[in-house]
Asks: 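Mind looking over this structure? Questions follow.
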Amino acid sequence: QVQLIESGGGLAQAGGSLNLSCLVSGGTFSTYVMAWFRQVPEKDREFVAAIHGFGGRLTNEDTIQGRFAISRDNTKNTLYLQMNRLKPEDTAVYYCAANDKHRVTMEPSAYEYWGQGTQVTVSS
């Protein structure tokens, strides 16, 4: 059974930084395409960034505008999202997700496994 557990969310001031982590257990982490999504109430889940097991990346530049960086450590079964120059509009629940189909995609439906989410709140 594959489990994803996010951590690192919390309260930050505008212009500040947070580093989210997602620890994956079960399965073979290095073979998963991993991604971050975020969601605010009454809106669809929004793609943030994805990374292939070999390091290839896909990012939603309209959203992150060069401020966020996705990375992974296959030796630690952990996915990261370094978030810099945070803005109040970055406030959301952030989810990590995994797919074992080698698809680096923005589509939430392509990801079979999801974490429970971690709240990020950015104050102005």
Side-chain angles (χ1 to χ4, degrees):
Q1 182 180 0
V2 180
Q3 291 187 320
L4 287 68
I5 301 176
E6 301 97 335
S7 60
L11 179 64
Q13 291 188 332
S17 299
L18 285 173
N19 189 22
L20 305 184
S21 299
C22 175
L23 176 64
V24 179
S25 61
T28 305
F29 177 76
S30 61
T31 67
Y32 294 146
V33 171
M34 299 297 302
W36 289 101
F37 290 80
R38 67 186 189 185
Q39 190 169 24
V40 297
E42 302 181 351
K43 289 195 174 181
D44 292 337
R45 201 159 288 191
E46 179 184 36
F47 173 77
V48 176
I51 184 168
H52 191 275
F54 296 120
R57 292 167 173 81
L58 177 67
T59 58
N60 183 349
E61 281 304 316
D62 287 341
T63 294
I64 69 174
Q65 300 169 335
R67 299 176 296 122
F68 297 178
I70 188 171
S71 63
R72 64 192 294 161
D73 186 338
N74 289 341
T75 67
K76 296 181 178 179
N77 289 0
T78 302
L79 173 74
Y80 302 99
L81 184 68
Q82 177 65 44
M83 304 189 295
N84 300 320
R85 304 196 305 278
L86 285 162
K87 302 177 181 181
E89 50 264 44
D90 294 320
T91 295
V93 177
Y94 283 72
Y95 296 91
C96 67
N99 84 61
D100 61 3
K101 302 297 188 292
H102 305 288
R103 291 185 59 194
V104 182
T105 175
M106 296 184 178
E107 292 297 325
S109 61
Y111 294 86
E112 295 98 337
Y113 309 109
W114 291 83
Q116 80 289 348
T118 185
Q119 176 70 46
V120 170
T121 303
V122 183
S123 62
S124 58

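Computed from a predicted model, the values in this text were never measured in an experiment.
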Asks: Test of understanding: clusters of I, L, V, M, F, W, Y form through side-chain heavy atoms closer than 4.5 Å, transitively. Do V104 and W36 belong to the same one?
Replies: no

Asks: Do Q116 and E6 come close enough that some side-chain heavy atom pair is under 4.5 Å?
Replies: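 Counting from C-beta outward, Q116 and E6 do come under 4.5 Å.
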
Asks: Report yes if the side chains of V93 and Y95 come closer than 4.5 Å at any heavy-atom pair, otherwise no.
Replies: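 Side chain of V93 against side chain of Y95, heavy atoms only: contact under 4.5 Å found.
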
Asks: Checking the side chain of T91 only, and the main-chain atoms of V122 only, is there a donor and an acceptor separated by less than 3.5 Å?
Replies: yes

Asks: Minimum heavy-atom separation for P88 to S124, with atom names?
Replies: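 Closest approach of P88 to S124: CG-CB, 3.8 Å.
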
Asks: Surrounding CD of Q13 (heavy atoms of other residues, nucleotides or ligands, distance under 6.0 Å), is the total greater than 12?
Replies: no

Asks: Measuring from atom CG of L79 to atom SG of C96, what distance do you get when rounded to the nearest 0.5 angstrom?
Replies: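 Spacing of CG (L79) from SG (C96) equals 6.0 Å.
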
Asks: Atom CG of L81 and atom CD1 of I64: how far apart are they, to the nearest 0.5 Å?
Replies: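 Answer rounded to 0.5 Å: 7.5 Å.
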
Asks: Heavy atoms, side chains only, cut-off 4.5 Å: are D100 and Y113 in contact?
Replies: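 Yes; the side chains approach each other to less than 4.5 Å.
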
Asks: Got R38 and V120 here, is their nearest side-chain heavy-atom distance under 4.5 Å?
Replies: no

Asks: Quick one: closest heavy-atom pair of I70 and R57, and the distance?
Replies: O-NE, 3.0 Å

Asks: Closest heavy-atom contact between N84 and S17?
Replies: OD1-OG, 3.0 Å

Asks: Would the distance check show the side chain of D62 and the main-chain N or O of Q65 forming a donor-acceptor pair, the cut-off being under 3.5 Å?
Replies: no

Asks: Donor-acceptor pair, distance only, cut-off 3.5 Å: does the side chain of N60 make one with the backbone of F47?
Replies: yes

Asks: Look up atom NE2 in H52 and atom OH in Y32, then write down how far apart they are to the nearest 0.5 Å.
Replies: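 The NE2 atom of H52 sits 13.5 Å away from the OH atom of Y32.
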
Asks: Measuring from I51:CD1 to Y80:OH, what's the distance to the nearest 0.5 Å?
Replies: 11.5 Å

Asks: Verify, without hydrogens or angle tests, whether Y111 (side chain) and T105 (backbone) share a donor-acceptor contact under 3.5 angstrom.
Replies: yes

Asks: So which heavy atom on M106 is nearest to which on P108, and how close?
Replies: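 Shortest heavy-atom separation between M106 and P108 comes out as O-CD, 3.2 Å.
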
Asks: Quick one: do F37 and L86 end up in the same hydrophobic cluster if we chain Ile, Leu, Val, Met, Phe, Trp and Tyr together by side-chain heavy atoms under 4.5 Å apart?
Replies: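 No, no single cluster joins them.
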
Asks: For the residue pair M34 and V24, establish whether any side-chain heavy-atom pair is separated by less than 4.5 Å.
Replies: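 Side-chain contact under 4.5 Å: yes.
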
Asks: Are Y94 and W114 joined in one hydrophobic group, where the rule is that I, L, V, M, F, W and Y side chains link up if heavy atoms are under 4.5 Å apart?
Replies: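 No; tracing contacts between hydrophobic side chains, which count when under 4.5 Å, never links both residues.
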
Asks: Hey, what do you get for CG (N99) to OG1 (T31), rounding to the nearest 0.5 Å?
Replies: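 That separation rounds to 9.5 Å.
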
Asks: With rounding to the nearest 0.5 angstrom, report the OG to CD1 distance, S21 to I5.
Replies: 12.0 Å

Asks: Report yes if the side chains of R72 and C22 come closer than 4.5 Å at any heavy-atom pair, otherwise no.
Replies: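 Side chain of R72 against side chain of C22, heavy atoms only: no contact under 4.5 Å found.
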
